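All heavy atoms count here, side chains included; hydrogens, waters and symmetry mates do not. One is the number of the first residue; the rest follow in order along the sequence. Treat the numbers as computed from the prediction; the structure is a model and nothing was measured.
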Amino acid sequence: MDTLRSFQLLSLFFLVFTFSASVFAFNMPRLGTQRKITQHEPQTTSSISNLEDLKTYYYTQTLDHFNYRPDSYTTFKQRYVINSRYWGGANASAPIFAYLGAEESLDDDLPIIGFLSDNAPRFKALQVYIEHRYYGKSVPFGSMKAAMKNESTRGYFNSVQAIADYAAVLLHVKKKLSAENSPVIVIGGSYGGMLASWFRLKYPHVALGAVASSAPILYFDTIAPQAGYYSVVTKDFKETSESCYETIRKSWAEIDWVASKPHGLEALSKRFNTCNRLNRSFDLKDYLDSIYSDAAQYNHPPTYPLSVLCSAIDGASVGTDTLGRIYAGVVAYMGNHTCYDMNEFSRPTKTLDGWSWQTCSEMVMPIGHGSKDSMFPPAPFNLNKFIKECKSLYGVMPQPHWVTTYYGGQDLKLTLHRFGSNIIFSNGLRDPYSSGGVLENISESILAVTTVNGSHCLDILVAKPSDPQWLVMQRKTEVKIIEKWIANYHNDLLAFK
């Protein structure tokens, strides 16, 4: 039985973390604040990497915030990190900037998230970084294996419990520091950006405002078009290089044609220098799909990986055929390796196993390939197949309508205009996930801050001297908005006292 369960968990990522076509499925584009493949990314880290400024704590967190059964009172240790170097103190009602961790260990975020540390001196802000339950060192039941072993232990792993955790930690920190009057601004990126916006809506008494960077809160329940993500990827490539776009668009049929010939898969394996012999052409196409979406999503300055990829495809020597040009793009983007692992983007890890459960329960984002004006082969999202696969692997049915039921989404502009306030939705329009983001102002204080050339979560990463002026201005705009929120808060604090 243990062997069977281990096999199911190993298979989980490959089967559940997909969106389906009638014949096969492509991997769902990943969320996250940063690229996991860092061939072209300079390793710039935040000033918070100075370990003497960081102090790590563990809060005794309640397992289930919404039940009164005896087992709901089980606890686990939730990690949070504080940097008080620039804090003006409780007596000055100096603000608290709280980073809401998402689907990875806090260790991955601390070196690269710069919005808090870059702006803490200006605001005299306390910096708090909170890890999401079931990730990093904040795992209930002692280990990730135990936490994910069955329907009961996995049942406490969801966004609703996570934002309740954040509320509990922040109230604990404020009480511990006698900082009840210090306003809290929550910050998050990607899935964490969704959490930040939802936190402001659900816990307005805890957070004064939220910065939701690259948060695709509309990519649920058919609000955003299924093909929106890949439409932006296609647009990014076409705008970068028409010839690169055409080469990629033609390559899928070429791959299938070679694969259909005798010993075709062996030939493809050699052409693309795969670490293991291909068993089907889909594995190569899925790998390339992931490279192209990754390049578009994380096309950060100053290296602009998408341009690097297209320059290699276009710059191949005269006479190089279509697949030779595609391979040149792979080498340029992934780096020069002895071989290329087709499972690079779908290799199971503790983080990805956790996120696959979340996508298979509540975070059902129906992303698919469109059939028009796309450089990708058609592959619409198949909800029925997705539900069937999730049910067979986890024993529970996904709830594709729950996010919009609990947090809202349908008629979002009208709803938030009537009762919401103090949320920045920031998006770079070259980020494919911006197709599911809030791109227009909703009210005087629920604001969309967009940049034409921006990519995923770029505004909350560490500021660098090489940052383009449009990015510098985007961050300045966000800072001015937050300053207004805090000034109004302090005025209200005086008035009500």
Side-chain angles (χ1 to χ4, degrees), residues 13-14 17-19 21 23-30 35-41 230 233-234 236-238 240-241 243-299 303 305-349 352 369 374-379:
F13 183 79
F14 298 102
F17 206 72
T18 62
F19 53 92
V23 179
F24 52 78
F26 285 92
N27 278 326
M28 179 187 289
R30 59 174 297 273
R35 248 183 108 197
K36 292 298 184 282
I37 309 298
T38 57
Q39 171 69 14
H40 298 285
E41 296 299 320
Y230 280 97
V233 176
T234 296
D236 289 349
F237 273 84
K238 200 169 186 179
T240 299
S241 166
S243 58
C244 176
Y245 153 81
E246 284 292 346
T247 300
I248 294 170
R249 188 181 64 81
K250 294 186 296 185
S251 67
W252 310 108
E254 184 74 12
I255 290 170
D256 286 335
W257 180 75
V258 173
S260 68
K261 298 167 65 176
H263 308 293
L265 289 174
E266 184 177 352
L268 283 174
S269 300
K270 290 180 179 178
R271 287 294 303 271
F272 285 88
N273 194 21
T274 63
C275 294
N276 297 297
R277 184 184 180 278
L278 292 168
N279 292 317
R280 53 181 184 164
S281 62
F282 168 74
D283 294 334
L284 173 59
K285 291 189 292 185
D286 189 34
Y287 176 72
L288 294 172
D289 179 291
S290 295
I291 286 178
Y292 302 145
S293 59
D294 200 62
Q297 186 168 318
Y298 299 101
N299 192 37
T303 54
L306 190 154
S307 296
V308 171
L309 192 160
C310 275
S311 292
I313 289 176
D314 292 340
S317 58
V318 176
T320 303
D321 64 6
T322 296
L323 295 189
R325 291 180 181 277
I326 295 297
Y327 178 66
V330 170
V331 174
Y333 189 75
M334 300 299 292
N336 196 355
H337 300 298
T338 55
C339 67
Y340 295 92
D341 182 4
M342 297 296 102
N343 295 322
E344 178 76 39
F345 294 91
S346 57
R347 191 181 297 114
T349 65
L352 294 182
H369 293 179
S374 176
M375 71 179 194
F376 298 92

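Closest approach of M334 to F345, counting heavy atoms only: SD-CZ, 4.1 Å. Contact between F237 and A295 at its shortest, heavy atoms only, is CZ-CB, 4.5 Å. Closest of all the heavy-atom pairs between S251 and L323 is O-CD2, 4.2 Å. W252 and M375 make their closest contact through NE1-O, 2.6 Å (heavy atoms, listed as atom of the first residue, atom of the second, distance). Closest non-hydrogen pair, A312 versus A328, comes out as CB-O, 3.5 Å. Scanning both residues, Y340 and G335, for their nearest heavy atoms gives OH-O, 2.6 Å.
Legend: residues meeting side chain to side chain contact (heavy atoms under 4.5 Å, CB included) with R325, ordered by chain and number and at least two apart, are T247, I313, A316, T320. Annotation: side chain to side chain donor-acceptor pair (under 3.5 Å) contacts of S374 (sequence neighbours excluded): none. Partners of D314 according to the salt bridge (charged side-chain N to carboxylate O under 4.0 Å, His left out) rule, which considers only residues two or more places apart in sequence or in another chain, do not exist here. Residues forming a salt bridge (charged side-chain N to carboxylate O under 4.0 Å, His left out) with E254 (at least two apart in sequence, or on another chain): none. For S311, there are no side chain to side chain donor-acceptor pair (under 3.5 Å) partners at least two apart in sequence or on another chain.
Between the OG atom in S307 and the CG atom in D236 there is a gap of 10.0 Å [rounded to 0.5 Å]. To the nearest 0.5 Å, the span separating OG on S241 from CD1 on I248 amounts to 8.5 Å. A distance of 4.5 Å separates CD1 of I255 from CG of L284, quoted to the nearest 0.5 Å. Here the OG atom belonging to S281 is positioned 11.0 Å from the CG atom belonging to D286, to the nearest 0.5 angstrom. Of the inter-residue distances, the one linking R249 atom CZ with K238 atom NZ reads 8.5 Å to the nearest 0.5 angstrom. Rounded to the nearest 0.5 angstrom, R30 CZ and D294 CG are separated by 6.5 Å.
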Name every donor-acceptor pair, under 3.5 Å, that has one atom in a side chain of residues 266-273 and the other anywhere in the protein, sequence neighbours excluded.
residue: S269; atom: OG; partner: L265; partner atom: O; Å: 2.8
residue: S269; atom: OG; partner: L278; partner atom: N; Å: 2.9
residue: R271; atom: NH1; partner: D321; partner atom: OD2; Å: 3.3
residue: R271; atom: NH2; partner: D321; partner atom: OD1; Å: 2.7
residue: R271; atom: NH2; partner: D321; partner atom: OD2; Å: 3.3
residue: N273; atom: ND2; partner: T338; partner atom: O; Å: 2.8

**Asked** Under the side-chain contact (heavy atoms from CB on, under 4.5 Å) criterion, do V330 and Y287 qualify, and how do the steps go?
**Response** CA-CA 10 Å; V330 170; Y287 176 72; 4.0 Å; yes
**Message:** If you apply the rule side-chain contact (heavy atoms from CB on, under 4.5 Å), what do you find for D256 with K285, and how did you get there?
**Reply:** CA-CA 9 Å; D256 286 335; K285 291 189 292 185; 2.9 Å; yes
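Side chain of E344 to main chain of S290: no donor-acceptor pair is present (N/O by atom type, distance under 3.5 Å, no hydrogens or angles).
Ring geometry for F376 against H369 counts as tilted: the plane angle lies between 30° and 60°, on a 0 to 90° scale.
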